Amino acid sequence: MDNTVRTRFAPSPTGFMHIGNLRTGLYAYLFARHNGGKFILRIEDTDRERMVEGAEEMVYRTLAAAGMDHDEGPDKGGAYGPYVQSERAGIYREYAEKLVELGGAYYCFCSKERLEGLHGENGTHTYDRHCRDLSREEVQARLAAGEPYVIRQKVPDGVVSSYTDMVFGEISVSSEDIEDGILLKSDGMPTYNFANVVDDHLMGITHVIRGTEYLSSTPKYNLIYDAFGWERPHYMHLPPIMKDATRKLSKRYGDANFEDFVAKGYLPQAVVNYVALLGWCPKNNLEKMSMAEMTEYFDVDGISVSSSIFDEAKMRWLNGEYLKEMSAEDFFRVSAPWIAKADPEGKFDAKEIASLMQTRVDVLGEIPEKIAFLNGFGEYDLGMYEHKKMKVDVDVAKRAVKVSISALEPLAEWDEESIKAAIVKAAEEEGMKSGQVMFAMRVALTGQPSTPGGAIEMAVVLGKEESLRRLRFSEALLNA
Ligand code: GLU
């Protein structure tokens, strides 16, 4: 017998990849890879109203960016296709009819009006099994007459349906608490309740990994497996990701979507790494892990039954760790588009700026603001030059800026070493502390009291010509 583990990721193409969905897909991916198995992508698009144009492409883009490569799927093909539910309508109908034959389902001709009349105490209604025992002849006659119908699950009486979830343990539901729910709708499309069973079975899924919202419906799905005489898969349900103690993370509460985070300057691998930690902790307690490491360490025992809270500050920190550990070249590659936002014409040396930024940002999106000084001075207030501890005031600043101009003008080499040597020497000759000169020089170069680097680094980034132009401009303002 083939024991290959097969897991699937079954997103609905709603236009964005919510962090919770991404985590579900990631765990399915890690579980499959950890066990040398296959990871399958299935698009669940039977709810046509929720569909969004281009959403399927977003799923492919996200999986590719996240490094979760699937073995089978709509775009890759495979032996168990089609992998898009809307292309499987014929399959669901065939199996729904088969289930009727097997005694696990029945035709229901109840009108909408009749169903609406079945109000329970709290406004909800449970189907009263009105059509459950229609005779075969009556059903045939009504079908032949073209009456609209649905196919409902025939939940057996007096059973308790139980299974052992890999995360939550034993889950049992009594058949009294299970409605004869719709499997095939009047438009011929399946409900999720039916499609998930048929697809997971036909696609040979061994381990169903999904959110806890399906934990207590699974006994109902298992009754369908049983009625078909199919082997049930194993189940792993995952607790929700919360925004805080009471609210689930959802798009209602802001940008909890993969591509939004990437657009804000997070690295896909950092987001994926952080998402992995939302509800799972490896035995060795590692936090920063590559996909290969996560695959190696992934184990069900480390999955928590309690919900986890999405903490963007922690994800920022982790992202910063990824940025710091990149090679200068890689960092330059990922930061270049962000540097270009502040310097669209490429007037400054982007490599210098990148090396200045690498240890100073946690998220790439911070870069444009940090280097806004490149575009000239903002509000210019001489108070910026006051620094009590360093004993700098406007008068000291005037002298400092003057000596830095004369020290820098003759320089042939414009690099950190040469600039520093020149400033230190000039400060000494002037009887000033080099810290005082550099503080005033930094303000004079940027027009800002706090800058993403010291005076020397600012000067290197700005280049000689621009640095001198700014120093002279500031000198004039100081003396005005
Ligand atoms: N399409 C379902 C969802 O997005 C998937 C549920 C499942 O994995 O079975 O919630």
Side-chain angles (χ1 to χ4, degrees), residues 5-32 37-52 55-56 58-60 62-63 66 68 70 72-74 80 82-89 91-92 163 165-168 171 181 183 185 189-225 230 232-241 248-252 256-259 275 278-279 300 303 307:
V5 164
R6 289 173 61 84
T7 66
R8 87 299 193 277
F9 180 37
S12 300
T14 53
F16 50 86
M17 183 68 72
H18 187 263
I19 287 298
N21 287 338
L22 183 69
R23 187 201 50 181
T24 300
L26 177 62
Y27 286 10
Y29 170 83
L30 293 173
F31 186 79
K38 299 270 187 255
F39 177 59
I40 288 97
L41 174 66
R42 177 170 80 225
I43 300 289
E44 302 211 324
D45 62 346
T46 53
D47 189 351
R48 309 302 287 180
E49 275 160 35
R50 285 174 64 211
M51 294 224 355
V52 172
E56 222 179 291
M58 181 279 305
V59 172
Y60 304 140
T62 300
L63 290 182
M68 292 155 54
H70 50 292
E72 299 166 28
Y80 300 82
Y83 294 91
V84 178
Q85 286 187 329
S86 58
E87 293 169 21
R88 299 172 64 80
I91 298 175
Y92 304 123
Y163 73 105
D165 185 82
M166 293 169 73
V167 175
F168 287 86
I171 305 290
L183 303 180
K185 297 183 278 189
M189 279 301 210
T191 54
Y192 169 80
N193 294 346
F194 191 52
N196 90 88
V197 172
V198 171
D199 289 346
D200 287 337
H201 172 73
L202 294 181
M203 293 180 183
I205 303 305
T206 58
H207 295 76
V208 169
I209 299 172
R210 63 187 167 201
T212 40
E213 59 269 37
Y214 302 101
L215 182 71
S216 58
S217 311
T218 295
K220 174 168 76 186
Y221 308 149
N222 280 332
L223 293 174
I224 302 177
Y225 281 93
W230 292 342
R232 299 172 176 186
H234 300 284
Y235 295 97
M236 195 189 295
H237 287 96
L238 306 171
I241 299 173
K248 262 181 90 165
L249 191 65
S250 84
K251 76 172 165 158
R252 284 195 3 241
N257 302 317
F258 179 77
E259 291 196 329
V275 163
L278 290 169
V300 182
I303 297 179
S307 52

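For clarity, every value in this text was computed on a predicted model and none was experimentally measured. Atoms within each ligand, like the ligands themselves, are counted from 1 in listed order.
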With Asp165, which residues qualify under salt bridge (Lys or Arg N to Asp or Glu O under 4.0 Å), at least two apart? none

Ligand 1 and Ile209, any nitrogen or oxygen pair closer than 3.5 angstrom? no

Short list, please: which atoms of ligand 1 are under 4.0 Å from a heavy atom of Glu44? 1 (N), 2 (C), 5 (C)

So which protein heavy atom does atom 5 (C) of ligand 1 come closest to, and at what separation? Ala10 O, 3.1 Å

May I ask whether Arg8 has any heavy atom positioned less than 4.0 angstrom from an atom of ligand 1? yes

Are Arg6 and Tyr80 in a cation-pi contact, defined as NZ or CZ under 6.0 Å from the six-membered ring centre and within 45° of the axis? yes

If you compare all heavy atoms of Pro11 against all heavy atoms of Arg42, which two are closest, and at what distance to 0.1 Å? CD-O, 3.3 Å

Enumerate the atoms of ligand 1 whose separation from the nearest heavy atom of Arg210 is less than 4.0 angstrom. 7 (C), 8 (O), 9 (O)

Side chain to side chain contact (heavy atoms under 4.5 Å, CB included), that's the test. Do Glu259 and Asn257 meet it? Break it down for me. CA-CA 6 Å; Glu259 291 196 329; Asn257 302 317; 5.8 Å; no

Within the supplied structure, the quantity of interest is the number of heavy atoms (other residues, nucleotides, ligands) at a distance under 6.0 Å from Lys38 NZ; does it exceed 12? no

Which of the listed options, Phe9, Tyr192, Tyr221, holds the heavy atom that is closest to atom 7 (C) of ligand 1? Tyr192

Do Tyr163 and Leu215 come within less than 4.5 Å of each other through their side chains, counting heavy atoms only? yes

For the 3.5 Å polar cut-off, considering only N or O atoms, please tell me whether Tyr214 and ligand 1 meet it. yes

